[in-house]
Every structure is written in structure tokens, then in C-alpha cells.
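A short write-up of the structure that comes next.
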Amino acid sequence: MKDGKRGAYLIRPKGGWGNIGLLKDIGIIPYMLYKNHNFNSVLVGYNDPIPSMPYLQTYVKGLKIEYLPDDTLETRFKYIESRAQKIDLLILYGAGEDNIPIVNFYKEVRPDGKIYLATDANLGWMDSIHFQFPEWKNFLKLIDVVGASGRETQRFLNSKWPVTVECIRNGWYNFPKVSFDNLFEQKENIILTVGRIGTDQKNNQMLLEAFAQCCDEIPDWKVRLVGGIDKKFNDYIEKYFEKNPHLKNRVIFVGQIDDKAKLNEEFRKAKIFTLTSTFEGGTPNVTSEALFAGCYMIVTDFGCEEDATAEGRCGEIVPLNDIPSLADTFKKVCNDSNKLLGGGVFAYHYAREYFDAEKIVARLYYLLYGSN
């Protein structure tokens, strides 16, 4: 402990950091520990070249990054050993084998230190871990708090792992200081999705094909896809508009938005947020932002769909790759203004209760240190 502050160090077993990630849970949790709980918070990893990180001077000022000279495990051991008395809390993401030696070494040099592990994975990956093996049992035993980012993942892991798994959701913090006054009066007939457009995981073609099937029955609605476009998806987009030329002004590929205030405007304007992912590592960050913005949620059964929709109280769940079902859901919801408004208002309040980053990290602090 330095200057009366504990040290929270998030160490990656491989690789480093990107600017956008600073405003996701990997940056939010250390930042909130710094901002609200008197920690020196440091992200540790390897980047070559070192990227531009403007958010360090704007949104997460006070959070630090320390870069390693190479990407080897030995270098990470040397780093941990040299700062052992500063690392009061070790934060790790992912229940991967590459985190096992880091946990073992940290506990050798700092036996009284705390460890928080965010599992950050889908159910399929978690189910493949041989938790009954001695190295895994010892790994889990050394960790003070194991977190899952959704209730479904938490229940699944608690039924299989020999430790208590807590629900530590991926929360949202109002970094751009946007106002939510008159939120629902400003919303438009927009179906929004945000993410890496065109990747196999995000499965955006399901959304586009469903909209093409139902577009004539919801003529006042548009789809907006926000995010960088995977190069291999460009051929699909070209063929899609050749087949559906009447949708060129109704299906808009917005591109990447790095400005958080502008991105939040996309969420604020949209009445519906949809996620057609094949899987997610728990409840994704975009879910919390969409809920905070009062969006009605329409998602596939990606693994934490109950959390994303409050078990159906602010959204709908459709089977993965069932395009007709998604089209029917769009028709039903887009033509029901009471459902849209009621679900959106519920989402707004649900997010503030369960997805507020400050509340989430305050609970994590309590689980680690047992004080209010």
C-alpha cells in the first residue's frame, strides 16, 4: 500500500490495451476502484507499437498503463516480483490456462494479496474447462472473487465449479456526461445494433435478412448498424442491396464511432436495440448502454439473454438464426407503441439498478474487503 492507497493491477497474460477498451469493463473496474475506493489502478500489458490512448487524459484520467518490454511470461513474473508490495489486488480476465502461472507466482510473492477473476467467457468455453483437475482446483482456490457477467453464466458455473461465483455485470458509466432529460420524446423509429459489423460472432446478416422480410409492414422504420465493418462482409452488403435496392435509404451502415457522446446519441435515438450474436462473453457492454438509454431489447439466445431483457420485461428473445421469428418479432414490437414505451421505461430503471458501474464496483469492493 502506497500513500495510504491500495494498488489494483490488471495484468494481461498476453497482449496489451486499446483505447476503446478503456471504457469497457477492463478499464471501468480499475478506474472505479481509483475514483471511488482510493486505489492506485494500473493496467499492465505488452503493445508494439504503443497505441494512442487519448481516453487516459479525458474519460479515465488517473488510470495508469505500464507497458512491458516483451510478451513473455518470464517478463510478467519479473514485473510482479518487482512490484509485489504494491500489487494489493490482482485483476485477471478470462479463465484461461495462461492465467494459472500468474496466479501461482503472485501468491508466492504476495500471499496476503487479493485476486479478482472475471471469467469473461461464454458457456461453451466455460464448459470445456476441466475444473476437476488439480491445477484448476488450486487455481480457483487461490482466487478471492470469481465473477460472471450475467446470472445465467453465474448459475451455470455455480452448478459445476467448486467455488462460489458472483454475478459482476459489465456496467455502464456516463463518461460523456450526457443528459437523459426528455429521453423518450426524442426517440425515433430506429432499430440499432452496435459492434464489429460482419463478424461471424455478431451474425448481422440475421438482422438484415429479417428486416428485408418485414420491412413493408413497418414502413416507417430504419436499421442503423454502428461499428467498423469486417472486410469480408462487404460482398454480402453489395449483394444485399442488389437484392433489396428499396432498402438503401433504410439500412444505414454508420461506421465506427469513437466519440462516446456521439455514440450515446445513437442509443438515445433508437427505440429498439438488437443483438443477433451467436455467443457473447457474458452480458456485453453494449447491452448496458442500450438499457441505460431506454431501448427495447430484441436479442438472440446468446447465453445471457435473460439479463439483457430482464427475463422478458423489457425485451424479446428469439432463437439463434431463426430469421422468420426475428421478422415476426420486429413486426409485433414496432407496431405496438405501448410495448415499446413500457419496455423502454422499464429498461431505463432496470439499468440504473443493476448495470450502474459505480454500484457494481462498490459491491465488488465489498466482496473483496468486507466494508461498506
Open item on the list: I want to check something: taking the side chain as every heavy atom from C-beta on, are Asn249 and Lys222 in contact at a cut-off of under 4.5 Å?
Closed with: no

Open item on the list: Would you say that more than 12 heavy atoms from the other residues, nucleotides or ligands in this model lie under 6.0 Å from the OH of Tyr34, or not?
Closed with: no

Task: NZ or CZ of Lys339 within 45° of Tyr296 ring axis and under 6.0 Å - done: no

Open item on the list: Tell me the closest heavy-atom pair linking Cys167 and Gly150, and the distance in Å.
Closed with: SG-C, 3.9 Å

Open item on the list: Once you measure the plane-to-plane angle for Phe253 and Phe241, does it fall in the parallel (<30°), tilted (30-60°) or perpendicular (>60°) bin?
Closed with: perpendicular

Open item on the list: When you group the ILVMFWY residues by side-chain heavy-atom contacts below 4.5 Å and let the links chain together, are Val223 and Ile237 in the same group?
Closed with: yes

TODO: Answer with yes or no whether the hydrophobic clustering places Ile252 together with Ile218; edges join I, L, V, M, F, W, Y residues whose side-chain heavy atoms lie under 4.5 Å apart.
DONE: no

Open item on the list: Tell me if the aromatic rings of Phe292 and Phe355 count as close, with their centers under 6.0 Å from one another.
Closed with: no

Open item on the list: Under the criterion side-chain contact (heavy atoms from CB on, under 4.5 Å), I'd like the reasoning laid out for Tyr348 against Phe180: C-alpha separation, chi angles, the key distance, then a yes or no.
Closed with: CA-CA 10 Å; Tyr348 177 86; Phe180 290 96; 4.0 Å; yes

- [ ] Taking the six-membered ring of Tyr354 (Phe, Tyr or Trp), confirm whether the NZ or CZ of Arg151 is under 6.0 Å from its centre and within 45° of its axis.
- [x] no

Task: Pairwise distance CD1(Ile87) to CD(Gln85) - rounded to 0.5 angstrom - done: 9.5 Å

Task: Distance (rounded to the nearest 0.5 Å) between Gln213 CD and Ser325 OG - done: 10.5 Å

Open item on the list: Strictly distance-based, threshold 3.5 Å: is any side-chain N or O of Thr274 a donor or acceptor partner for the main-chain N or O of Ile298?
Closed with: yes

Open item on the list: Would you compute the distance between atom CD of Glu353 and atom OH of Tyr350 and round it to the nearest 0.5 angstrom?
Closed with: 10.5 Å

Open item on the list: For the backbone of Asp71 and the side chain of Thr75, can you confirm whether one donor and one acceptor N or O come within less than 3.5 Å of each other?
Closed with: no

TODO: Determine, using the 4.5 Å side-chain heavy-atom cutoff (strictly less than), whether Phe211 and Ile317 are members of one ILVMFWY cluster.
DONE: no

Open item on the list: Checking the side chain of Asp230 only, and the main-chain atoms of Arg196 only, is there a donor and an acceptor separated by less than 3.5 Å?
Closed with: no

Open item on the list: Are Val254 and Leu275 linked, directly or through intermediate hydrophobic residues, by side-chain heavy-atom contacts shorter than 4.5 Å (ILVMFWY only)?
Closed with: yes

Open item on the list: Between Asn158 and Arg155, is there a side-chain heavy-atom distance shorter than 4.5 Å?
Closed with: no

TODO: Decide if atom CD of Glu97 counts as having more than 12 heavy atoms of other residues, nucleotides or ligands within a radius under 6.0 Å.
DONE: no

TODO: Please confirm whether Arg6 makes a cation-pi placement over Tyr369, using NZ or CZ under 6.0 Å from the six-membered ring centre and within 45° of the ring normal.
DONE: yes

Open item on the list: Taking the side chain as everything from C-beta on, heavy atoms only, tell me whether Leu22 gets closer than 4.5 Å to Tyr31.
Closed with: no

Task: Flag, side chain of Thr119 to backbone of Ala95, donor-acceptor distance under 3.5 Å - done: no

Task: Between CD1 on residue Ile29 and CG on residue Leu10, distance to nearest 0.5 Å - done: 8.5 Å

Task: Non-hydrogen side-chain atoms of Arg12 and Ile26 separated by less than 4.5 Å - done: yes

Task: side-chain contact (heavy atoms from CB on, under 4.5 Å) assessment of Thr58 paired with Phe175 - done: CA-CA 9 Å; Thr58 54; Phe175 285 108; over 6 Å; no

- [ ] Measure the spacing between NZ of Lys114 and CG of Leu142 and express it to the nearest 0.5 Å.
- [x] 13.0 Å

Task: Asp259 side chain vs Lys262 backbone, donor-acceptor pair below 3.5 Å - done: yes

TODO: Evaluate the side-chain contact (heavy atoms from CB on, under 4.5 Å) criterion for residues Tyr9 and Lys86: first the C-alpha distance (whole Å), next the side-chain angles of each, then the deciding distance (0.1 Å), finally the verdict.
DONE: CA-CA 9 Å; Tyr9 285 66; Lys86 295 181 180 180; 3.7 Å; yes

Open item on the list: Strictly distance-based, threshold 3.5 Å: is any side-chain N or O of Gln186 a donor or acceptor partner for the main-chain N or O of Asp181?
Closed with: yes

Task: Heavy-atom check, side chain of Leu263 versus side chain of Lys260, under 4.5 Å - done: yes

- [ ] Could you pull out the closest heavy-atom pair between Tyr55 and Ile20, with the gap in Å?
- [x] CE1-CA, 4.1 Å

Open item on the list: Which heavy atom of Phe346 sits nearest to which heavy atom of Ala310, and what is that distance?
Closed with: CE2-CB, 3.6 Å

TODO: Indicate yes or no: at least one non-hydrogen side-chain atom of Leu326 is less than 4.5 angstrom from one of Asp322.
DONE: no

Task: Short side-chain donor-acceptor distance under 3.5 Å, Asn170 and Ser288 - done: no

Open item on the list: Which residue is it: Thr300, Asp301, Leu320? I am looking for the one with a side-chain contact (heavy atoms from CB on, under 4.5 Å) to Thr278.
Closed with: Leu320

TODO: Using atom types as modelled and distance alone, determine if a side-chain donor or acceptor of Asp144 lies under 3.5 Å from a backbone N or O of Tyr116.
DONE: no

Open item on the list: Quick test of your reading of the model: are Glu265 and Arg268 salt-bridged, counting only N-O distances below 4.0 Å?
Closed with: yes

Task: SB check Asp112 Arg110 (cutoff 4.0 Å) - done: yes

TODO: Give the minimum heavy-atom separation between Leu43 and Pro30, together with the two atoms involved.
DONE: CD2-CG, 3.8 Å

TODO: Flag the pair Lys187 / Phe184 as yes when at least one side-chain heavy-atom distance between them is below 4.5 Å, and no otherwise.
DONE: yes

Task: Separation of Glu306 CD from Thr283 OG1 (nearest 0.5 Å) - done: 10.5 Å

Task: Ser41 side chain vs Leu63 backbone, donor-acceptor pair below 3.5 Å - done: no

Task: Carboxylate-amine/guanidinium contact Arg169 Asp25, below 4.0 Å - done: no

Open item on the list: I want to check something: taking the side chain as every heavy atom from C-beta on, are Phe267 and Val194 in contact at a cut-off of under 4.5 Å?
Closed with: yes

TODO: For Asn203 and Ser277, indicate whether the former's side chain and the latter's backbone hold a donor-acceptor pair under 3.5 Å.
DONE: no

Open item on the list: Looking at Leu208, is its backbone amide N or carbonyl O close enough to the side chain of Tyr240 to form a donor-acceptor pair, meaning the two atoms are under 3.5 Å apart?
Closed with: yes

TODO: Apply salt bridge (Lys or Arg N to Asp or Glu O under 4.0 Å) to the pair Lys232 and Asp200, showing each step before the final yes or no.
DONE: CA-CA 10 Å; Lys232 67 182 181 182; Asp200 292 339; 3.4 Å; yes

